[in-house]
Structure formats: C-alpha cells, structure tokens
**Q** 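One structure is given below, represented as structure tokens, and several questions about it will come after.
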Protein chains: 2
Amino acid sequence: MFAARGFVGASLQDIAAAVGIRKPSLLYHFSTKEELRRSVIAQLLAHWSNAVPRILEAASSGEEQFHAVAEETLAFFSADPDRARIILRELLDRPDELSSLIELQVRPWATLMSNYIRKGQEQGRVHADVDPEAWVTAIINLVLSSVAIHSSLGRLAAERPSKRASTSTIPPRLIAEIVRVARSSLFVNQQTPAVDTSGRTE
Amino acid sequence: MFAARGFVGASLQDIAAAVGIRKPSLLYHFSTKEELRRSVIAQLLAHWSNAVPRILEAASSGEEQFHAVAEETLAFFSADPDRARIILRELLDRPDELSSLIELQVRPWATLMSNYIRKGQEQGRVHADVDPEAWVTAIINLVLSSVAIHSSLGRLAAERPSKRASTSTIPPRLIAEIVRVARSSLFVNQQTPAVDTSGRTE
DNA sequence: CCTACCGATCGGTAGG
DNA sequence: CCTACCGATCGGTAGG
C-alpha cells in the first residue's frame, strides 16, 4: 500500500484492514507508523544489497558477472514491481535519510562494480570513456524507474493498446532493451547475446 | 511542494502560506485541490511535449537531432528538478490517468523519434538490435529518475561526500554519463563527442 | 482575499 | 487483539 499510495497516502486504517485486523492491533506490532516504514524499507534494501555481492562473487568473468547481476536484479524487481516503487518513493520523499542508507547498503557493492568496470577498461573490454560510478548510478536509475512505472510510461512500447494499465509484470520487450542499453553502453564488443529475449516481438 | 512532499503530503494550508495568502483564498483560484493538481501537471507536460517536436524539426541530421533533443530535455529538467519529481510522482500515484496523458502528449513525438531511429537502422548508423519504442521509453525513464533523485542516489558518483544532500542541480558528471549511455546504446559509430563534458572530473 | 467554521479522517492512546 | 476515544489536521464552505 506504501507502493501504490505513498507513505502519507496509505492510512494505518487501510493497512490494518488489508491484513484483517484493527488499527490499534497493527500499532501493537509496530508502535508507530514511522516504525512500520523503517521496517519495510530496511527489509527491502537489505534483501537487495545482500544479493548483489553474492552474485558478483559467484560469477567469474566480466561478461558473466554483468550478466548475472543484470538477470538477478531485474528478476528481483520484476517479481514484485512494488519493491521498485517503494524505493523510488522513499528516494523522493526523504532524500537525506535515504542518502545514509545508500551509503551503508549500496555504496559498498557499487564501488565493487565500479572497480570491475575500471579493470575492464584497462583490459580494453569496456569503453574507455565510461564513468564507472556514474554508469552504475545511471543503470540503477534506469532499472528502478523502468520497473516502477512500466504500467504507465511503459505502454509507449506496448504492442496492443489495452485500455487499462496492466499493473502486473513488466513486458519482456522493455526488459530486453534495458539490458541491451546497459550492455552496449559498457562493453566494447558485444559477445553472446545470452540474455533471454524470447519475449521480443520484433 | 507537490514535488517535495507529494500530492497528499502537501496541504493546501502549506501551499497557501508559501504563496503568502490564506487557504480559502487559494481555493478561490483553484476551486479544489484536484484542480490545482491538474493545472500543475497539464502545464508541465504541455511545456515538455511542445518543445520536443520543435527541436526535432529544427535539427537536420540524425546525430544533430539526437544531440539537440538530449541537450534540450536535460536542460529543461535540470533547470528545475522538481519538474521531473512531479512527473515521476504522478506516474507512481495515478498510472491510469497518466497513461491517457502520455498517449496524448508523449506518444506523438515518441513515435516520431522511433521512426527516425528506424531510418537510422536502415542506413546502418543505428545499431540493428535497438528496439526503438523501448529505447525511447528507457531513456525517458533514465533522464526523469536521474534528475529527480540525484540528490540521494546520485551521490554515489559524488567526488566529495558532503553530509547534506544537495537539492540543487544535478552534477555535470552524471549528465555527461547519461548522454553517453544514450548515445552509445544507439549509434554504431560515435562521432564527435559534441556534448558538453567540461564538468567531468575524471 | 479574509475570518470563522464544518464533518471527516488522520496517527496514536487508554484500558481491558 | 479489541472497543472507545483523543487532539490535530485535512479539504472545503459560508458569508462577507
């Protein structure tokens, strides 16, 4: 409900009703609305930023790493677009507080990825004019917003113009292009287009 | 105030105070809060989507067009990041209503751009595997979110870690990388790196 | 453009 | 986990 209506827009009344209890009962589990918020986003950021370093370790080659992180991250957010929406809303609502969380939870693996990119540049596999930190930031932005608002903006790339905005999953066509943009803006020579493009219509 | 706190988060009381009048006086100009919202976003979308076709006409060559649209769009949103924030919030808050507005205001020039891209593909200047509509959607997502949340996420690419999140303008380093990602994911051969990169630090 | 005021809903508490 | 209730604030109106 935070994802759909925002923090102030989602009342404790509504949230409690959705869980099947009354408002005071909800406030027994989370003594304040603010605490409920913290619980939600802490869980979210933790899940996300614990997954990334694990993937980075698992994969070996540069291209393989890119691939694994791209797949895993997009899978994580595609599985539930509300995850991206909540993060995006928090980023908009409380930039200062989120800055701290980003430093703690995101910065470490963002730096890790940046270093891999620099190594790739030395080896000539990655475009020399890539700005590693800025690239990582841009791609996070791209993935987050694409998943979060695909039901409205994403319909620009929809085959059949359905009247209702599908709130469900992001179309494979958009995912494929996001991965392509990320890869082609990074690597000098595109090797195997190993990412799943089965959903592509064109 | 809609940009900073969201529609429900920004009270008519606060808005009126910011303008220097009382709440009922504000409701004289906009008979309802909903009408104030419509007025704000209609003005915003109109400005943006009137500018794009004009630029597309003005520039002639493909590379020149890309360049002009990129510069103009980034300039428009960089001049006031709140513009991007409001649009992003509306996209999150009311996807269905925004879908209609997008069809009317954005679809026309998005199609225009997509056709230019297809022409570029026939001429071999644009990567063959670009999905035109999906690419336009992705880049809009990239620009909107990058400008909107640069004060929090964007600090991943900040040189000196200032404690406060600067709410002002987006750092040139991020802008340069956004333009580079957009261009290198589109064109086969990067010609003149004509976009301003004077602010780049590395 | 103002003062005064409305019912509704908000987050949260008392007390069981 | 509930009923009952609190003060504060919300969008909006009456009337000038």
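Protein chains get the first letters and strands the later ones, always in sequence-line order, with residue 1 at the start of each.
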**Q** Could you check how far CZ of B:R22 sits from P of C:dC5, rounded to whole Å?
**A** 15 Å

**Q** Classify the angle between the aromatic ring planes of A:F187 and A:F66 as parallel (below 30°), tilted (30 to 60°) or perpendicular (above 60°).
**A** perpendicular

**Q** Would you say A:T32 reaches C:dG12's phosphate, i.e. side-chain N/O to OP1/OP2 under 4.0 Å?
**A** yes

**Q** Using purine N1 to pyrimidine N3 plus N6-O4 or O6-N4 for Watson-Crick, or N1-O2 and O6-N3 for G-U wobble, both under 3.5 Å, which nucleotide pairs with D:dT9?
**A** C:dA8

**Q** Taking the basic N atoms (NZ, or NE/NH1/NH2) and the acidic carboxylate oxygens, is any pair closer than 4.0 Å for A:E177 and A:R180?
**A** yes

**Q** For A:Y28 and C:dA14, what is the distance between atoms OH and P respectively, to the nearest whole Å?
**A** 16 Å

**Q** In this structure, how many angstroms lie between the C1' atom of D:dG12 and the CD atom of B:E35, rounded?
**A** 13 Å

**Q** Measuring from the side chain of B:Q13 (C-beta onward, heavy atoms only), which nucleotide among D:dC10, C:dC1, C:dG11 has the closest atom?
**A** D:dC10

**Q** Look at all strands and tell whether A:A10 reaches a base, only sugar-phosphate, or nothing, counting heavy atoms closer than 4.0 Å.
**A** sugar-phosphate

**Q** Report the distance from atom CG of A:L26 to atom P of C:dG11, rounded to the nearest whole Å.
**A** 10 Å

**Q** Counting only distance, no hydrogens or angles, is the base of D:dG11 paired donor-acceptor with the side chain of B:K23 under 3.5 Å?
**A** yes

**Q** Provide the Watson-Crick or G-U wobble partner of C:dC2, both distances under 3.5 Å; none if there is no partner.
**A** D:dG15

**Q** Considering non-hydrogen atoms only, spot the tightest contact between B:A182 and B:W135 and give its length.
**A** O-CZ2, 3.4 Å

**Q** Pick base, sugar-phosphate or nothing for B:L27, based on heavy-atom distances below 4.0 Å to the nucleic acid.
**A** base

**Q** I want to verify a distance call: between C:dC1, D:dC1, C:dT3, whose nearest atom is closest to the A:S25 side chain?
**A** D:dC1

**Q** Which of the following nucleotides, C:dC10, D:dC10, D:dA14, is nearest to the side chain of A:S11?
**A** C:dC10

**Q** Going by the angle between their ring planes, with limits at 30° and 60°, are B:W48 and B:F77 parallel, tilted or perpendicular?
**A** perpendicular

**Q** Report the nucleotide, chosen from C:dT3, D:dG12, D:dC2, that has the shortest atom-to-atom distance to any side-chain atom of A:I21.
**A** D:dC2

**Q** Nearest to the side chain of A:L12, which nucleotide is it out of D:dG11, C:dT3, C:dG11?
**A** C:dG11

**Q** Give the minimum heavy-atom separation between B:P81 and B:H150, together with the two atoms involved.
**A** CG-NE2, 4.3 Å

**Q** Taking the minimum atom-to-atom distance to the side chain of B:K33, which one of C:dC2, C:dT13, D:dG11 wins?
**A** D:dG11

**Q** What is the distance, rounded to the nearest whole Å, between atom CZ of B:F7 and atom P of D:dC10?
**A** 13 Å

